Amino acid sequence: MARSSLIFTYLSRVSTPNKAILEAASSDAIRVSTKGLTVLSIIASTSPFIGLFGTVIGILETFSKLGTQSSASLSVVAPAISEALIATAAGIAVAIFAYTFHLILKRKAYELSSLLSSQSEVILSQVMED
């Protein structure tokens, strides 16, 4: 067993590998590898709402400024509203990147889980043969 293996630390603690120690090693590796997924998921799901909130605040400020001005032409309103919409665009951009990386890391965690499961099966089958 290679010392760089994720389950080497656990296997070095026991004389004969068993299913319980291999499952503990696998669970620990998955837990460590998925540690930041919750935060990434929260960022991906809340950033569009934060951007939308910024847009609403920007539009409210625009309307309050319009109330104090004598003219309300499109040349006055359009730049202020387009500024407000930048917040929505920023929120959506953050959400796209966060969600994409969340899915990539989630897939990598699944691949790690599959790899550890197959390594465990191989180790257990070798122990059974001995």
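It should be emphasised that the depicted structure is a prediction, and the values quoted were computed from it without experimental measurement. Any value given below was found using the heavy atoms of this structure, including those in side chains, with hydrogens, waters and symmetry copies removed.
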Checklist entry - Looking only at heavy atoms, which two atoms of L52 and T88 are closest? And how far apart? => result CA-OG1, 3.9 Å

Checklist entry - What distance separates L22 CG from Q119 CD, expressed to the nearest 0.5 Å? => result 9.5 Å

Checklist entry - For A95 and A44, which heavy atoms make the closest approach, and how far apart are they? => result CB-O, 3.5 Å

Checklist entry - Taking all non-hydrogen atoms of both residues, which atom of A98 and which atom of L40 are closest, and how far apart? => result O-CG, 3.6 Å

Checklist entry - How many angstroms lie between OH in Y10 and OG in S120, if you round to the nearest 0.5 Å? => result 12.0 Å

Checklist entry - When you measure from the centre of the six-membered ring of Y110, is the NZ or CZ of R107 under 6.0 Å away and within 45° of the axis? => result no

Checklist entry - Looking only at atom types and distance, does a side-chain atom of S27 sit under 3.5 Å from a main-chain N or O of A24, one as donor and one as acceptor? => result no

Checklist entry - Looking at CG of L116 and CD1 of I123, how far apart are the two atoms once the value is rounded to the nearest 0.5 Å? => result 9.5 Å

Checklist outcome for this item: Scanning both residues in full, the closest heavy-atom pair of L112 with A29 reads CD2-O, 4.0 Å

Checklist entry - Distance from T9 atom OG1 to I21 atom CD1, nearest 0.5 Å? => result 10.5 Å

Item to check | S118 side chain to S114 backbone, donor-acceptor under 3.5 Å | outcome: yes

Item to check | Any donor-acceptor N/O pair, S117 side chain to S113 backbone, under 3.5 Å | outcome: no

Item to check | Hydrophobic cluster (4.5 angstrom, side-chain heavy atoms) - remaining members for F53 | outcome: I57

Checklist outcome for this item: Taken to the nearest 0.5 Å, the spacing of Y99 OH from K106 NZ works out to 7.0 Å

Checklist entry - Which atoms form the tightest heavy-atom contact between P17 and L124, and what is the distance? => result O-CD2, 4.2 Å

Checklist entry - By side-chain contact (heavy atoms from CB on, under 4.5 Å), which residues pair with I42, not counting sequence neighbours? => result T38, T46

Checklist entry - At what distance, to the nearest 0.5 angstrom, does NZ of K35 lie from OG of S33? => result 11.5 Å

Checklist entry - Do you know the tightest heavy-atom contact between P48 and S45? => result CD-O, 3.8 Å

Next on the checklist: Is it the case that the side chain of T34 and the backbone of I30 share a donor-acceptor pair, with hydrogens and angles ignored and the cut-off at 3.5 Å?
Outcome noted: yes

